[in-house]
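Presented below is the structure to which this report refers.
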Amino acid sequence: MGGVPESHTGWTFLTNHARVLAAIADDPNVRIRDIAAHCRLTERAVQKIIGDLEQDGYLSHTREGRTNTYRIEPGKVLRHPAEAGLPVASLLSLLVEDEDRRKHADGPLGDASPVADESPAQPTSDSHTPRLR
C-alpha cells in the first residue's frame, strides 16, 4: 500500500472510518494488518471499524481460505445530516484518486498534480459530487 506517513498528533479532516474504507476501496483484498499499518491504527481498532461499517451496511465481506474480499456498498449515503443524500462512492472517489496520485508521484514529497493520463474529478452539473470513473 505504499509508504506509511509519519504519525500525526492533533485533529485531522478524515475519521479513521473514512481512512479504513478508503484503504479497502483501494484494494478489496487488503489484509487488516496492512490497513492498520497504512492508517496508523492497531489491528484491533481496524477490526472494530470494519465491524461498524458492516453493521451499518457500508461494507460486507466474503472469506475464501485465509483471504477476505470486501465489498463496499457505493450507494449507501453518508450518516451526518450535513451530507444527507451524498453517497459514500463520492467520498471514496476523491480519496482513492488522491491515493493513486500519491502512489504515482514523481517527487520524494509526493507531487499532488494529476498523472499524465488522469484528470481531476469534475463536479456534475446538478450536484456537488464528483463523477465516478
Side-chain angles (χ1 to χ4, degrees):
M1 296 197 81
V4 178
E6 292 296 316
S7 62
H8 173 44
T9 58
W11 67 274
T12 62
F13 283 101
L14 298 176
T15 66
N16 290 336
H17 284 66
R19 285 187 184 94
V20 167
L21 200 59
I24 291 169
D26 190 48
D27 178 4
N29 297 313
V30 67
R31 297 181 310 169
I32 288 176
R33 174 177 293 152
D34 295 332
I35 296 171
H38 180 73
C39 297
R40 296 286 188 175
L41 299 168
T42 64
E43 289 181 38
R44 181 66 190 117
V46 171
Q47 288 172 337
K48 180 171 181 347
I49 289 168
I50 288 172
D52 291 345
L53 293 169
E54 287 184 324
Q55 182 176 356
D56 286 349
Y58 289 92
L59 186 66
S60 61
H61 76 275
T62 56
R63 188 150 180 93
E64 297 177 26
R66 296 178 60 189
T67 304
N68 284 328
T69 300
Y70 296 98
R71 183 183 181 325
I72 295 171
E73 293 299 327
K76 183 88 170 157
V77 295
L78 299 177
R79 292 171 36 121
H80 196 280
E83 291 90 33
L86 185 66
V88 72
S90 296
L91 172 65
L92 291 175
S93 69
L94 293 173
L95 298 176
V96 171
E97 178 179 305
D98 181 62
E99 184 69 19
D100 282 344
R101 280 193 197 141
R102 287 190 279 152
K103 284 181 182 174
H104 296 100
D106 294 332
L109 298 178
D111 182 8
S113 61
V115 177
D117 64 334
E118 180 177 39
S119 62
Q122 299 297 318
T124 59
S125 59
D126 60 343
S127 73
H128 297 293
T129 60
R131 62 182 162 80
L132 297 177
R133 296 177 189 212

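Heavy atoms only: backbone and side chains are in, while hydrogens, waters and symmetry mates are out.
Remark: Thr42 engages no residue in a side-chain hydrogen bond (donor to acceptor under 3.5 Å, both in side chains) (not counting sequence neighbours).
Note that OG1 of Thr15 is 9.0 Å distant from CG of Leu21, once rounded to the nearest 0.5 Å. Taking CD1 from Ile72 and NE2 from His61, the interatomic distance works out to 14.0 Å, rounded to the nearest 0.5 Å. To the nearest 0.5 Å, atoms CD (Glu43) and CG (Asp34) are separated by 9.0 Å. To the nearest 0.5 Å, atoms CG (Leu95) and CZ (Arg19) are separated by 9.5 Å.
Looking at every heavy atom in both residues, Val20 comes nearest to Cys39 through N-SG, 4.0 Å.
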Would Leu91 and Glu83 count as a side chain to side chain contact (heavy atoms under 4.5 Å, CB included) if you check the C-alpha gap in whole Å, the side-chain angles of each, and the deciding distance to 0.1 Å?
CA-CA 10 Å; Leu91 172 65; Glu83 291 90 33; over 6 Å; no

Stepwise side chain to side chain contact (heavy atoms under 4.5 Å, CB included) test for Asn29 and Asn68
CA-CA 6 Å; Asn29 297 313; Asn68 284 328; over 6 Å; no

Please assess His38 against Val30 for the test side chain to side chain contact (heavy atoms under 4.5 Å, CB included), listing each intermediate value before the final yes or no.
CA-CA 11 Å; His38 180 73; Val30 67; over 6 Å; no

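In this structure the side chain of Asp56 reaches within 4.5 angstrom of the side chain of Arg79, judged on heavy atoms.
The 12-atom threshold is not exceeded at CZ of Arg33, counting heavy atoms of other residues, nucleotides or ligands nearer than 6.0 Å.
Residue Ile49 forms a side-chain contact (heavy atoms from CB on, under 4.5 Å) with just one option from Asn16, Ile24, Leu59, Ile32, and that option is Asn16.
Evaluation of the salt bridge (Lys or Arg N to Asp or Glu O under 4.0 Å) test over residues 68-77, restricted to residues two or more places apart or in two chains, returns Arg71-Glu73.
Although no hydrogens or angles enter the test, the distance criterion places a donor-acceptor pair under 3.5 Å between the side chain of Tyr58 and the main chain of Val77.
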